[in-house]
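Convention: sequence-line order gives letters A, B, ...; per-chain numbering from 1.
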Amino acid sequence: MQADYIIVRFGELTTKGKNRKNFSARLLRNTKEILSGFTRLTYRLTFDHIYIMLNGENPDDVCEALKKVFGIHSFSVCYKIEPDLDQIKQAAAEIINNYEKEAFTFKINTKRNDKNFPMMSMEINRAVAGYVFHHTDKQLKVDVHDPDLMVRIELRKDAAYVMDNVILGAGGYPVGIGGKALLMLSGGIDSPVAGYLVMKRGIDIECIHYASPPYTSDLAREKVLDLLNVLKDYNHGGIRIHIVPFTKLQLSVYQNTDESYAMTVMRRMMYRIAEGVAKKRNIKAIVNGESIGQVASQTLDSMNTINQVITTPVIRPVACLDKLEIIRIAEKIGTYGISIRPYEDCCTIFTPKNPATKPKDYKAEAYEAKWDYAAEVQECIDNIETIVVNANYKNDEDLF
Amino acid sequence: MIYLDYVATTPLSDDIYQTYTQLLKKYFANADSAYRLGYEVNRLMETSRAKIASMLHVKEDELIFTSCASEANNLAIKGVAFQYQNRGRHIITTAIEHSSVANTCRELAEVFGFEVDYLSVDNQGHIDLEELKSLIRPDTILVTTMYVNNEIGVINPIKDIAKIIKTVNPKTKYHVDMVQALGKLPVDLNDIDLATFSAHKIFGLKGSGLLYKKHSTTLVPLINGGQQEFDLRGGTSNACTNIVLAKTIRLALESQKAHYDYVKKLNDFMREEIKKREALVINSPEDASPFILNISAPHYKPEVLVHDLESSGIYISTKSACSSKATEASHTLAAMHLDEEVAISALRLSFSHLTTMDELKTFLKALDESLTRVRKQR
């Protein structure tokens, strides 16, 4: 039995009113970009569905990629077969037998477009359900109101279509519909999860990473790009990252501040640079992986002292999650294994022994007055290196 | 040249040759070096591992690159024996294993004092599942069997074997030598703890083997050294070889179905032809892998026939290349309790998708001529 197309149902955007069209158009665009590797696919957008014609592409691979598209509530693989009752019965039985649960309720729902077909819809429902009951090991029960599994049959003159309704999508809004934010990406566990969560709400991201070579290695930088290589499958196949040459400024910070305040002042510098880059790129918000209380820079006092140097809103999607909850998401989205690679990033080199957990803004300002940090901040912004991680990243498929 | 010994080894595929030579120059660095040059090599090697894992439906840290299948068999069997010797010291294998399994088991028995039981086979090469059931004991730590026998092509029912092991003693590990199955028969690692694969049997490189080891199984390494292969096999990674293994396996799996169907036709044809000849008997059972056809020419010395055919540019073998220097009957045929005359006069033919019908016809003609020209010596 050959899968013919995939029918995609929209997520939360069905709650939208007049700008619904923008949402569905964006969803179609994102879907196409994420599935761009499958060159034979063709698409059709209707009011409440997207149809993806497989044209011979492997349905399992396409489904796997589709699960990462935000804005999709669920989707189904549809089988195109001859409009023949025996074949329909077999297709329905196959769908029932492939369903993950052992005991469940189901319903057969037939739409008979071809009125010349010798049986009425209800008769077909009963015939198919009867067949299925006798050709499965599963414990089945019919529930016509709220079935676990709905098998739909559509009868046309030239073909019959049989489909189920069970593959859940990623949910959320289509990425990009909510504008763009700048994600501060260190390479740790939290920031990629923050990026994932903000994308789920329809916000596209660019990233900023602070590199301090030779104190941080090439491998730390590579790790960050590898993380984006995972995250890119959730936006629309490509993420831009700005890598900041941070060594000089970071050394100045350590030279001019007391050890206990170095981290606070450094974070203030990072925020200033992030805001500078955001303004340059016309980005409206900054996102980071700060989680309340996790480390010294993430107490409310620290956040207050650090955050006040900029006016751009800072979104902290994982602020209220436990570390274990964050790890669980990281594992699910596939960033965890990369995040735990043991390379130092600029936050972990020169770690002070006793960082201030309740830093005062006036003290931080006093340290900052000791040198012309603004010039060095500007120098960082002017010298950023921008990379786009997309399908071409580490593409050595010809070797494999 | 007519090559009919694809079970001994295969010629290198052009695709693999090109990829490999391209890699050799560029990626010379040590995969464990901490700079970009080394890291890049490591990355490609790990990508290869991940790709193979997804093709075999296992996890990437369940695959260990080795230098050959014999090493993988040694690592699996001795690794399990040494690791679990406090649980028990009893091992079960079959009487028709490849020498790398048979001799490893023998060493464990003779040098390390393990107890090894050998499953007998009938005259078709089939094992008896009831016998297996009766041999498994509470102290049985390992059962090791091949999937497809390398001499007669008999296929072991590994699903059933796994099921029996798990019912009688769930702690017993099951290792399967899958060298002659990969790329030819469906490979399902679900119920198996360890499995061995080789590249050079599927048009890949020599010096390239692979061991699958389920997470739940622990091994004692044979080669202690650095951190390579999850601490299970020290020694600088043979990176480029390991990198091209992914492509080697992919190519084999992609065309598995088509190649199987094609070779099945060749095999059917050969069986019909051999049956027509009174001087020859077929030793491979009907349900054997079609890639291997073992026949005997009673009263002839098989080596003489091999050399006579060789002079017309035809290459076949008498038995497994790995034990071709021993002069007695192959242990597989001996275990099948065939007529002695049949057992000592065996010839092994093996085919691949590169074999053509014309080659087989030419071979048959040459064989007929040899059989009339060469003197019977017994």
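Judged by the 6.0 Å distance and 45° axis criteria, B/K184 is positioned over the aromatic ring of B/F291.
Within residues 235-249 of chain B, the residues having any heavy atom closer than 4.5 Å to a heavy atom of chain A are B/I243, B/A246, B/K247, listed by residue number. Using non-hydrogen atoms only and a strict 4.5 Å limit, the part of residues 219-246 of chain A facing chain B consists of A/L219, A/E222, A/D226.
Among all heavy-atom pairs drawn from B/L219 and B/G79, the shortest one is CD2-C, 3.7 Å. The minimum heavy-atom distance between B/V263 and B/H353, with the atom names listed, is CG2-N, 3.9 Å. Taking both residues in full, the closest heavy atoms of B/P11 and B/L354 are given as CG-CD1, 4.0 Å, listed atom of the first, atom of the second, then distance. Across A/I6 and A/L54, no two heavy atoms sit closer than the pair CD1-CD2, 4.1 Å.
Counting non-hydrogen atoms of neighbouring residues, nucleotides and ligands closer than 6.0 angstrom, the OH atom of B/Y39 exceeds 12 such neighbours. Around the NZ atom of B/K206, the shell of radius 6.0 Å holds more than 12 heavy atoms that belong to other residues, nucleotides or ligands.
Contact of A/D218 with chain B is made through backbone and side chain together, with heavy-atom distances under 4.5 Å. Using a 4.5 Å cut-off between heavy atoms, B/Q22 contacts chain A through its side chain alone, with no backbone atom that close.
Ionic pairing of A/R40 and A/E57 is present here: one or more N-O contacts between side-chain nitrogen and carboxylate oxygen are shorter than 4.0 angstrom.
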- Task: I would like to know whether B/N73 and B/H175 meet side-chain hydrogen bond (donor to acceptor under 3.5 Å, both in side chains); could you show each step before the answer?
- Result: CA-CA 9 Å; B/N73 281 336; B/H175 166 247; 3.3 Å; yes

- Task: Might you work through the ring pair (Phe, Tyr, Trp, His ring centres under 6.0 Å) test for A/F104 and A/Y99, ending with a clear yes or no?
- Result: CA-CA 9 Å; A/F104 55 94; A/Y99 190 54; 4.6 Å; yes

